[in-house]
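First comes the structure, then the notes that go with it.
All values derive from a computational prediction rather than experimental measurement. Letters A, B, ... are given to chains in the order of the sequence lines, protein chains preceding strands, and every chain is numbered from 1.
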Amino acid sequence: MAIVRWEPARELAGMEIDRLNRMFSEFYGDPFSRGWVPAVDVYETDEHEVVLKAELPEMRREDIHLTFENGVLTLKGERKFEEETKRENFQRMERRYGSFSRSFTLPNTVDASRISAAYKDGVLTIRLPQREEAKPKQIAVNVE
Amino acid sequence: MMATNPWDLMRELSSMHERMNRLWGGVHDRSHEDVTNRGGWQPPVDICEAEGQVVLKADLPGLNRQDIELSVEQNTLTIKGHRRPDDQVREEQYHRIERAYGPFSRSFTLPNTIDSGGVRADYRNGVLTVTLPVRQDARPRQIQVEAND
């Protein structure tokens, strides 16, 4: 029977890491093993246009897919890992890779034919104008 | 996951610590609804060493180039910056704010074999890429093993 030196510190640390990894894998797991959720801001302009801005750094346009169906805007994509860089060369890997998908329910007054999207500095800006008849009308109050 | 040697173990532990910090930081930030004063945030960073250079990439989508500040002092690389909210949009117009705004600062200790004079930085598609060449005399050399037979 081989005699193995007991290293309690290593065992403990190993257990701790294992436990923490499982606990936090939902938030910060392996950069490859799970999807990610790009941060999104949504606001409405004075012209009643809904604007959605999503953080999608270093992505190719062909890897970003946008659909609008029954009032639901779906943003899907995949951030691909550069294959020429070997994983073992990384000293630190905090950025997320892999696929993502997010959906947003929008008012049914959005004019689907006029939706536009532009990608600049790693941010995708989607503009969703509303149909003319959906814009609020000023109603004059008559004083008799 | 069990680390194989003590050095890896320490690296694991310190990266765990880092991740937890980022996690708590993120939760904390989300609780603030003030766009202009969200406290510090931390852009995610990858560091890769290959072919005689260290490459650092930081996700910084939607920043102005003039709001990114990079400095190398001794063997510490510091990235500072500020993401400014769109001044055309008033706070009450927002339905959802998930992006982090305000200042950030991160520092990294470089191996002292970096040729600090040859550091290059480039901002493209929302990513800051910093290339740090390893000094010529510090690059690994292949050493021939001679055999006498």
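- Within the 4.5 Å cutoff, the side chain of Asp41(A) has heavy atoms near those of the Tyr94(B) side chain.
- Counting heavy atoms of neighbouring residues, nucleotides and ligands inside a 6.0 Å radius, atom CD of Glu73(B) does not exceed 12 of them.
- Put simply, Leu75(A) and Tyr119(A) are part of the same group of oily side chains (I, L, V, M, F, W, Y) that touch within less than 4.5 Å, one to the next.
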Give the C-alpha distance, both sets of side-chain angles, the deciding distance and a yes or no for salt bridge (charged side-chain N to carboxylate O under 4.0 Å, His left out) between Glu98(B) and Arg102(A).
CA-CA 13 Å; Glu98(B) 294 174 356; Arg102(A) 289 198 75 171; 2.6 Å; yes

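- Atom CD of Glu69(A) is surrounded by 12 or fewer heavy atoms from other residues, nucleotides or ligands within 6.0 Å.
- Neither the backbone nor the side chain of Lys120(A) comes within contact range of chain B, judged by heavy atoms closer than 4.5 Å.
- For the pair Asp121(A) and Arg65(B), the minimum side-chain heavy-atom distance is below 4.5 Å.
- Tracing side-chain contacts under 4.5 Å through hydrophobic residues (I, L, V, M, F, W, Y), one reaches Leu128(B) starting from Leu110(B); they form part of the same cluster.
- At a 4.5 Å heavy-atom cutoff, the contact between Arg79(A) and chain B is made by side-chain atoms alone.
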Kindly indicate, with the supporting measurements, whether the criterion side-chain contact (heavy atoms from CB on, under 4.5 Å) is fulfilled by Asp46(A) and Gln93(B).
CA-CA 8 Å; Asp46(A) 290 333; Gln93(B) 289 178 301; 3.0 Å; yes

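- By number of non-hydrogen pairs under 4.5 angstrom with chain B, the leading residue of Val123(A), Leu52(A), Val50(A), Asn89(A) is Asn89(A).
- Heavy-atom distances place the backbone of Leu63(B), and not its side chain, under 4.5 Å from chain A.
- Looking at Asp46(B) and Gln91(A), their side chains never bring a donor and an acceptor atom within 3.5 Å of each other.
- Val127(B) and Phe104(B) fall into different hydrophobic clusters, where Ile, Leu, Val, Met, Phe, Trp and Tyr are joined by side-chain heavy atoms under 4.5 Å apart, directly or via other members.
- One hydrophobic cluster holds both Leu77(B) and Tyr123(B) under the rule that ILVMFWY side chains link at heavy-atom gaps under 4.5 Å.
- Counting non-hydrogen atoms of other residues, nucleotides and ligands closer than 6.0 Å to CZ of Arg124(B) gives a total of 12 or fewer.
- The closest donor-acceptor contact from the side chain of Asp59(B) to the backbone of Arg95(A) lies at 3.5 Å or more, if one exists at all.
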Run Glu94(A) and Lys57(B) through salt bridge (charged side-chain N to carboxylate O under 4.0 Å, His left out) and show every step you take.
CA-CA 10 Å; Glu94(A) 297 170 354; Lys57(B) 282 189 169 197; over 6 Å; no

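- Rounded to the nearest 0.5 angstrom, Cys48(B) SG and Arg92(A) CZ are separated by 13.5 Å.
- Clustering ILVMFWY residues whenever any of their side-chain heavy atoms sit less than 4.5 angstrom apart, transitively, puts Ile64(A) in the very cluster that holds Leu66(A).
- Using a 4.5 Å cut-off between heavy atoms, Asn64(B) does not touch chain A at all.
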Begin from the C-alpha positions of Arg96(B) and Tyr43(A) and carry the test side-chain contact (heavy atoms from CB on, under 4.5 Å) through to its verdict.
CA-CA 7 Å; Arg96(B) 184 192 287 268; Tyr43(A) 62 86; over 6 Å; no

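- The neighbour count for Glu88(A) CD, taken as heavy atoms of other residues, nucleotides or ligands under 6.0 Å away, is above 12.
- Ion pairing between a basic and an acidic side chain is recognised when a charged N comes within 4.0 Å of a carboxylate O; Glu44(A) and Arg90(B) show no such pairing.
- With values rounded to the nearest 0.5 angstrom, Glu58(A) atom CD is found 5.5 Å from Thr129(B) atom OG1.
- Here the closest heavy-atom approach between residue Pro61(B) and residue Gly122(A) is recorded as CB-O, 3.5 Å.
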